[in-house]
Chemist: 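Sharing a structure here in structure tokens format.
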Amino acid sequence: WGKACELPKQHKVDVSLRGVEEEANACEAIKDTPIGSLELDWVYGCRTEGLSGLIRYSQGHEILFNAGRYAVLQTVREWKKTKGREFEPGQRYFGDHLTEICAMDLVETQSGTIVATGDMGEFPTVHVWHMLSLRVECTIRYVHQLGIKKVKFSPAGHKLAILGADENQTITVHDSANGDLQHRIAGGRPHVFDLCFSCISEDCLLQIGMHHIIFHELSHGEDAISIEMADLDYIPCQPFLACVWTSEGIIVSGWDGSLFDISSEKTSKSSMEDPRRHLREVFKDAHDAPINTLRAVKTPRAQFNRVLSG
């Protein structure tokens with residue numbers, strides 16, 4: 001500011017309070033500044049590093065994936081379709097998030113496909129919305145901190161489990177229709193990697209992570225009963241990264257690329273007291289790298305569920 005007096009008269013700076021007020025009033029008087037925003041034309045990729053489960057395929061022939069703060073729905077070509085007009089790819093965007101989307105899940109219901117997306121931030125947000133109309137069903141805020149690691153629907157879509165990135169790895173269970181909080185569970189471990197509901201009952205939730213497997217019974221009011229699988233020393237010490245619960249049993253994946261099975265008969269409500277002997281390795285080194293994604297697929301002609309791993 002001391003150099004201002006040495007400038008030519010036309011370049012001198014008025015640092016008085018009156019000068020600041022006059023400049024502010026002059027800016028407010030300018031009304032011809034256009035107001036607008038950027039619009040997406042096409043999204044060509046997505047982030048997968050450090051994330052999992054963020055690319056999904058719906059029954060409506062659309063691929064759902066994340067791109068920054070947007071959830072992108074891209075139409076795909078039907079490989080069986082040989083006649084008719086030429087295929088024209090298209091994209092739709094869900095853009096209600098203000099920060100990057102880091103968790104996603106979807107479920108098929110009688111009212112259509114419902115999607116849940118969670119983002120990062122000091123107080124992250126989870127949106128539950130309809131895939132067809134992009135209409136938001138409910139919004140969940142101020143429940144978790146730092147970010148959302150996982151969101152998982154129950155098989156019927158009535159409940160939504162959310163895993164937070166806070167120090168306690170807090171797990172909450174909500175009514176997916178209105179977002180009401182039903183249960184709050186402390187993960188109790190520094191690293192929790194995945195959640196899944198039982199395909200038999202929506203009152204049983206499975207938590208896996210760094211060398212631990214825990215079942216949460218949700219049918220006892222607001223307080224959940226947590227039962228950890230007994231000593232796992234006979235399993236090589238490793239993180240369990242992904243899980244899927246089918247009618248034939250539970251499949252859990254390991255860091256070394258192996259797959260483990262837990263019998264569904266021994267993990268029902270009546271037999272959760274001593275689940276240690278029920279974990280067994282079924283595919284050793286099924287992959288050459290850690291398996292961070294598991295999906296159960298039931299085809300009309302198949303008698304049993306197929307599990308896809310990646």
Side-chain angles (χ1 to χ4, degrees), residues 43 46-58 63-73 92-109 113-131 134-155 157-187 189-197 202 205-209 216 218 241-244 292-295:
V43 177
C46 63
R47 173 191 169 189
T48 57
E49 182 180 1
L51 302 173
S52 64
L54 292 179
I55 303 178
R56 304 296 298 271
Y57 183 83
S58 75
I63 293 177
L64 173 65
F65 62 92
N66 70 309
R69 71 179 189 89
Y70 291 94
V72 183
L73 299 99
R92 300 186 295 135
Y93 312 104
F94 177 81
D96 284 24
H97 288 277
L98 300 180
T99 57
E100 182 178 2
I101 295 174
C102 54
M104 178 189 302
D105 194 24
L106 60 84
V107 63
E108 304 290 343
T109 67
T113 304
I114 307 297
V115 184
T117 47
D119 57 29
M120 299 179 179
E122 184 178 0
F123 296 102
T125 300
V126 174
H127 290 297
V128 180
W129 46 282
H130 291 264
M131 177 178 283
L134 303 183
R135 178 177 58 86
V136 176
E137 183 78 12
C138 68
T139 299
I140 301 170
R141 291 192 181 98
Y142 307 116
V143 178
H144 293 272
Q145 296 180 351
L146 302 182
I148 304 298
K149 295 177 66 175
K150 290 287 182 180
V151 290
K152 286 295 181 72
F153 281 107
S154 61
H158 298 147
K159 294 184 178 182
L160 177 68
I162 304 175
L163 171 61
D166 59 283
E167 183 178 356
N168 294 326
Q169 303 286 274
T170 303
I171 301 170
T172 57
V173 180
H174 303 258
D175 186 328
S176 61
N178 51 33
D180 288 348
L181 178 64
Q182 297 179 344
H183 302 276
R184 180 187 292 271
I185 308 167
R189 298 300 180 91
H191 299 289
V192 180
F193 295 123
D194 203 4
L195 306 169
C196 71
F197 278 96
E202 293 187 335
L205 180 68
L206 175 64
Q207 161 195 332
I208 65 169
H216 301 289
L218 308 176
L241 300 181
C243 57
V244 62
N292 60 13
T293 303
L294 291 174
R295 290 282 180 269

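Worth knowing before you read on, the calculation uses all heavy atoms, side chains too, and leaves out hydrogens, waters and symmetry mates.
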Chemist: Just so I know, are the side chains of Phe65 and Val43 near enough to count as touching, which here means a heavy-atom distance under 4.5 Å?
Modeler: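 Counting from C-beta outward, Phe65 and Val43 do come under 4.5 Å.
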Chemist: Find the distance between CG (Leu73) and CG (Leu64) and round it off to the nearest 0.5 Å.
Modeler: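 Rounded to the nearest 0.5 Å, the CG-CG separation comes to 5.0 Å.
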Chemist: Locate the shortest heavy-atom distance separating Cys138 from Ala177; write the atom from each residue and the value.
Modeler: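 Scanning both residues, the minimum pair turns out to be CB-O, 3.9 Å.
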Chemist: Less than 4.5 Å apart, side chain to side chain, heavy atoms only: is that true for Thr99 and Arg69?
Modeler: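 They are not in side-chain contact.
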Chemist: Would a distance-only check, ignoring hydrogens and angles, find a side-chain to backbone donor-acceptor pair under 3.5 Å from Gln169 to Val192?
Modeler: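 Pair found, side chain donor or acceptor close to backbone of Val192.
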Chemist: Atom CG of Leu54 and atom CD1 of Ile101: how far apart are they, to the nearest 0.5 Å?
Modeler: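 Interatomic distance, Leu54 CG to Ile101 CD1, rounded to 0.5 Å: 8.5 Å.
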Chemist: Would you find more than 12 non-hydrogen atoms of other residues, nucleotides or ligands less than 6.0 Å from Leu98 atom CG?
Modeler: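 No.
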Chemist: Once rounded to the nearest 0.5 Å, what's the spacing between atom OG1 of Thr139 and atom NE2 of His97?
Modeler: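 Result: 8.5 Å between the selected atoms.
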Chemist: How far apart are the C-alpha atoms of Trp129 and Arg135, what are their side-chain angles, what is the distance that settles it, and do they pass the side chain to side chain contact (heavy atoms under 4.5 Å, CB included) test?
Modeler: CA-CA 5 Å; Trp129 46 282; Arg135 178 177 58 86; over 6 Å; no
Chemist: Within the structure provided, determine whether Cys46 and Val72 are in side-chain contact (heavy-atom separation under 4.5 Å).
Modeler: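 Cys46 vs Val72: side chains apart.
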Chemist: Can you tell me how the ring of Phe94 sits relative to the ring of His127, calling it parallel under 30°, perpendicular over 60° and tilted otherwise?
Modeler: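 Ring orientation, 0 to 90° scale: perpendicular.
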Chemist: Given side chains that start at C-beta, do those of Gln182 and Leu218 come closer than 4.5 Å, heavy atoms only?
Modeler: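 Side-chain contact under 4.5 Å: no.
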Chemist: Taking the side chain as every heavy atom from C-beta outward, state whether Val143 and Arg184 have any atom pair closer than 4.5 Å.
Modeler: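 Counting from C-beta outward, Val143 and Arg184 do come under 4.5 Å.
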Chemist: Can you give me the closest heavy-atom contact between Val115 and Met104, atom names plus distance?
Modeler: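 Looks like CG1-CG, 4.3 Å.
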Chemist: Hey, are the side chains of Thr172 and Ile140 touching, using non-hydrogen atoms and a 4.5 Å cut-off?
Modeler: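 No. Closest side-chain heavy atoms not under 4.5 Å.
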Chemist: Are the side chain of Asn168 and the backbone N or O of Thr170 linked by a donor-acceptor pair below 3.5 Å?
Modeler: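 Judged by distance alone, no pair lies under 3.5 Å.
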Chemist: Which distance, rounded to the nearest 0.5 Å, do you find between the CG of Leu160 and the CG of Asp175?
Modeler: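 The distance works out to 9.5 Å.
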Chemist: Which pair of heavy atoms, one from Lys149 and one from Gly164, lies closest together, and at what distance?
Modeler: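 Between these two residues, the closest heavy atoms are CD-O, 3.5 Å.
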Chemist: Name the orientation class of the two ring planes belonging to His191 and Phe193 (parallel below 30°, tilted from 30 to 60°, perpendicular beyond 60°).
Modeler: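 Aromatic pair His191/Phe193 classed parallel.
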Chemist: Could you list the residues that satisfy salt bridge (Lys or Arg N to Asp or Glu O under 4.0 Å) with Glu100, not counting sequence neighbours?
Modeler: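 With sequence neighbours excluded, Glu100 shows a salt bridge (Lys or Arg N to Asp or Glu O under 4.0 Å) to Arg47, given in chain and number order.
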Chemist: What closest approach, in Å, do Val151 and Ala116 show between heavy atoms, and which atom pair accounts for it?
Modeler: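 Shortest heavy-atom separation between Val151 and Ala116 comes out as CG2-O, 3.7 Å.
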Chemist: Is there side-chain contact between Glu108 and Met131, with at least one heavy-atom pair below 4.5 Å?
Modeler: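 Not touching, per the 4.5 Å side-chain cut-off.
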Chemist: Under the criterion side chain to side chain contact (heavy atoms under 4.5 Å, CB included), I'd like the reasoning laid out for Lys152 against Asp194: C-alpha separation, chi angles, the key distance, then a yes or no.
Modeler: CA-CA 9 Å; Lys152 286 295 181 72; Asp194 203 4; 2.8 Å; yes
Chemist: Over all heavy atoms of both residues, which pair between Val173 and Phe197 is shortest? Give the atoms and the distance, please.
Modeler: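 In terms of heavy atoms, the two residues are closest at CG1-CZ, 4.3 Å.
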Chemist: For Asp105, which of Lys159, Lys150, Arg56 qualifies under salt bridge (charged side-chain N to carboxylate O under 4.0 Å, His left out)?
Modeler: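 That would be Arg56.
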Chemist: Would you name the heavy atoms of Tyr70 and Gly95 that are closest together and state the gap between them?
Modeler: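 Minimum heavy-atom contact is CD2-CA, 3.7 Å.
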Chemist: Looking at Ser176 and His158, would you say the former's side chain and the latter's main chain have a donor-acceptor pair under 3.5 Å?
Modeler: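 Checking the backbone N and O of His158 against the side chain of Ser176, a donor-acceptor pair under 3.5 Å is found.
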Chemist: Can you tell if the side chain of Val128 reaches within under 4.5 Å of the side chain of Ile114, non-hydrogen atoms only?
Modeler: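 With C-beta onward as the side chain, the pair touches.
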Chemist: Taking the side chain from Asn292 and the backbone from Leu241, do they hold a donor-acceptor pair closer than 3.5 Å?
Modeler: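 Looks like no, no N/O pair under 3.5 Å.
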Chemist: CG of Leu146 to CE of Met120: how many Å apart, nearest 0.5 Å?
Modeler: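 Going from the CG atom of Leu146 to the CE atom of Met120 covers 11.0 Å.
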